[in-house]
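Some notes on the structure that comes next.
Heavy-atom basis, side chains included; hydrogens, waters and symmetry copies ignored. This structure is a prediction, so every number in the text was calculated from the model and none was measured.
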Amino acid sequence: MEYDSFNSDDTYNVAKVLGESARAGDVICLIGDLGVGKTLFSQGFAKGLEIEESVSSPTFTIVQQYDEGRLPLYHFDVYRIEDLDEMEEVGFVDMLYGDGVCLIEWADLISDILPEHYTRVTINKNLDRGFDYRSIQIENI
């Protein structure tokens, strides 16, 4: 499925709808360059899970856990991962197969340890369509 986003509200709302339909065990992998809106997407997704807490990218902590929504959210930002062993150290496998939803920013950097099935969300800019335009592709792998 592909969505056109012409502003931050569009991106947020696409993510919110995805979060509203999320189920325990889902793994959402966000792919896109710096500044395309991965963290904004994460915020909308969290809202769809009924999480009211402020959501920010866990760049330096690797993972942030949110428990107050209808499902736990394990929000990963693996941009700074240097070795896949770091994922084991933060309990990635337990969270991956836990009772919540994993949302992974920069998931392409850990492709070797992703589960067999997940949802890939690719966000791309296209300046020909405007500075704020984003193409959001959502596909089940």
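- Take Tyr97 and apply the side-chain contact (heavy atoms from CB on, under 4.5 Å) test, not counting sequence neighbours, and it matches Val93, Pro115.
- Here Leu127 sits in one hydrophobic cluster together with Phe131; the rule is ILVMFWY side chains under 4.5 Å apart, joined directly or through other members.
- In terms of the salt bridge (Lys or Arg N to Asp or Glu O under 4.0 Å) criterion, Arg80 has no residue partners (sequence neighbours excluded).
- Phe92 is listed as a side-chain neighbour of Ile104, based on a closest heavy-atom distance under 4.5 Å.
- Remark: Asp67 pairs with no residue by the salt bridge (Lys or Arg N to Asp or Glu O under 4.0 Å) rule, at least two apart or across chains.
- Grouping Ile, Leu, Val, Met, Phe, Trp and Tyr by side-chain contacts under 4.5 Å, direct or through others, puts Val14 with Met1, Tyr3, Leu18, Ile28, Leu30, Val36, Phe41, Phe45, Leu49, Ile51, Val55, Tyr66, Leu71, Leu73, Val101, Leu103, Val121, Ile123, Ile136, Ile138.
- Every pair passing side chain to side chain donor-acceptor pair (under 3.5 Å) that includes a residue from residues 21-41 is listed here, sequence neighbours excluded: Thr39-Glu105.
- Met87 has its side chain within reach of Ile62: a pair of non-hydrogen atoms, C-beta onward, lies under 4.5 Å apart.
- Evaluation of the ring-ring contact (aromatic ring centres under 6.0 Å, His included) rule for Tyr79 yields Trp106 as partners, not counting sequence neighbours.
- Applying the salt bridge (Lys or Arg N to Asp or Glu O under 4.0 Å) test to pairs two or more places apart or on separate chains, those with a residue in residues 43-58 are Lys47-Glu52.
- Residue pairs meeting the salt bridge (Lys or Arg N to Asp or Glu O under 4.0 Å) criterion with at least one member in residues 4-14, sequence neighbours excluded: Asp4-Arg129.
- In this structure, Tyr118 and Cys29 approach most closely via the heavy-atom pair CD1-SG, 3.5 Å.
- Taken to the nearest 0.5 Å, the NE2 atom of His75 stands 12.5 Å off from the CE atom of Met95.
- Every pair tested for salt bridge (Lys or Arg N to Asp or Glu O under 4.0 Å) that includes a residue from residues 82-104 fails, sequence neighbours excluded, so the list is empty.
- Residues that satisfy the salt bridge (Lys or Arg N to Asp or Glu O under 4.0 Å) test with Lys125, not counting sequence neighbours, are absent from this structure.
- In the hydrophobic clustering of this structure, Ile141 does not group with Ile31; members are Ile, Leu, Val, Met, Phe, Trp, Tyr whose side-chain heavy atoms approach within less than 4.5 Å, directly or through other members.
- Counting heavy atoms from C-beta outward, Ile81 and Leu109 have side chains that stay 4.5 Å or more apart.
- Applying the salt bridge (Lys or Arg N to Asp or Glu O under 4.0 Å) test to Glu139 and every residue at least two apart in sequence or in another chain returns Arg120.
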